[in-house]
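Have a look at the structure below, then the notes.
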Amino acid sequence: MARETDYDFSTPPSIQLLFNNQKLEIMKVLCLLNALSRQRNRQRKVDELLFYYSLVNFDLAYLFNSTVTLENEFVPSSNQYFRFQTQINEILLIMSHLHFIEVKGQLSNKLDDLKIKLLPSGKKFFEDNCSDYLNSLLEKYIEIIQTINYSADNVKKIKEGQY
């Protein structure tokens, strides 16, 4: 006697929002662009956005602090950096469509070579929708931008997992 079972293996929307919340990711990138624009409002490479985003949101900033020892702590993985790198295309496309950013570059350019500039409408949208969480995130971004320089060597440390 065969039993027929119908199981619904779809993930509830509330759980999906925890792990795949595109609107939250857009706000985090807007937050980063606002932090970078406070330093100097100029075009930024996508690679620089990935670098600072990863340092703050994936807790990789402490890797550049020479006093930290990893003996009793977990060793972070660069997988999160690469996973976000695959998502950034769609996020930037949406942000460009909403006129939050301007994307500079040619179709033949690599993603890392494209340049992004925060537009006034993106800055206003962020300021109008800012929350306590986003304010604290903005402060973290500003602190990291002031203390850790974006450089090829530092990006290499994250990409290659040289901790």
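To the nearest 0.5 Å, atoms CD1 (I91) and CE (M27) are separated by 12.5 Å. In this structure, CG in D47 is found 11.0 Å from CG in L114, a value given to the nearest 0.5 Å. In this structure, CE in M95 is found 8.0 Å from CD1 in I116, a value given to the nearest 0.5 Å. Atom CG in N154 sits 7.0 Å away from atom CG in N149 (nearest 0.5 Å). Summarising the geometry, atom CD belonging to Q39 is positioned 13.5 Å from atom CG belonging to N34; distances are rounded to the nearest 0.5 Å.
Annotation: side chain of L49 is in contact with side chain of L36 (closest heavy-atom distance under 4.5 Å). Counting heavy atoms from C-beta outward, V103 and V46 have side chains that stay 4.5 Å or more apart. You'll find the side chain of N57 reaches within 4.5 Å of the side chain of L137, heavy atoms only. Residues K28 and L32 form no side-chain contact, since every pair of their non-hydrogen atoms from C-beta on lies 4.5 Å or further apart. Side-chain contact between I158 and L55 is present, with heavy atoms from C-beta onward closer than 4.5 Å.
Under the side-chain hydrogen bond (donor to acceptor under 3.5 Å, both in side chains) criterion, E127 pairs with no residue, sequence neighbours left out. Residues passing the ring-ring contact (aromatic ring centres under 6.0 Å, His included) test with Y150 are F51, sequence neighbours excluded. By the side-chain hydrogen bond (donor to acceptor under 3.5 Å, both in side chains) test, Y52 pairs with no residue at all, sequence neighbours left out. Under the rule for a side-chain hydrogen bond (donor to acceptor under 3.5 Å, both in side chains), the partners of K124 that lie at least two apart in sequence or sit in another chain are D128. A search for ring-ring contact (aromatic ring centres under 6.0 Å, His included) contacts involving F100 returns F125, not counting sequence neighbours.
Residues I148 and Y53 fall within the same hydrophobic cluster, defined by Ile, Leu, Val, Met, Phe, Trp and Tyr side chains chained together at heavy-atom separations under 4.5 Å. If you chain together hydrophobic residues whose side chains sit under 4.5 Å apart, L119 and L30 never meet in one group. I88 and L98 end up in the same hydrophobic cluster when Ile, Leu, Val, Met, Phe, Trp and Tyr side chains are linked at under 4.5 Å.
Checking side-chain atoms of R44 against main-chain N and O of K117 turns up no donor-acceptor pair under 3.5 Å. Using a distance-only test at 3.5 Å, with no hydrogens or angles considered, no donor-acceptor pair links the side chain of S96 to the main chain of E102.
For the pair C31 and L134, the tightest heavy-atom approach, listed with the atom from each and the gap, is SG-O, 3.6 Å. When every heavy atom of A35 is checked against every heavy atom of I142, the shortest pair comes out as CB-CG1, 3.8 Å. Taking all atoms of both residues into account, the shortest heavy-atom contact from L50 to S54 is O-OG, 2.8 Å. The minimum heavy-atom distance linking I101 with L92 is given by the pair CD1-O, 3.5 Å.
For K115, the NZ atom counts as loosely surrounded, since its 6.0 Å shell holds 12 or fewer non-hydrogen atoms of other residues, nucleotides or ligands.
Checked by atom type, the side-chain pair Q22/E90 shows a donor-acceptor distance below 3.5 Å.
Residues in residues 131-140 take part in no side chain to side chain donor-acceptor pair (under 3.5 Å) pair, two or more places apart or across chains.
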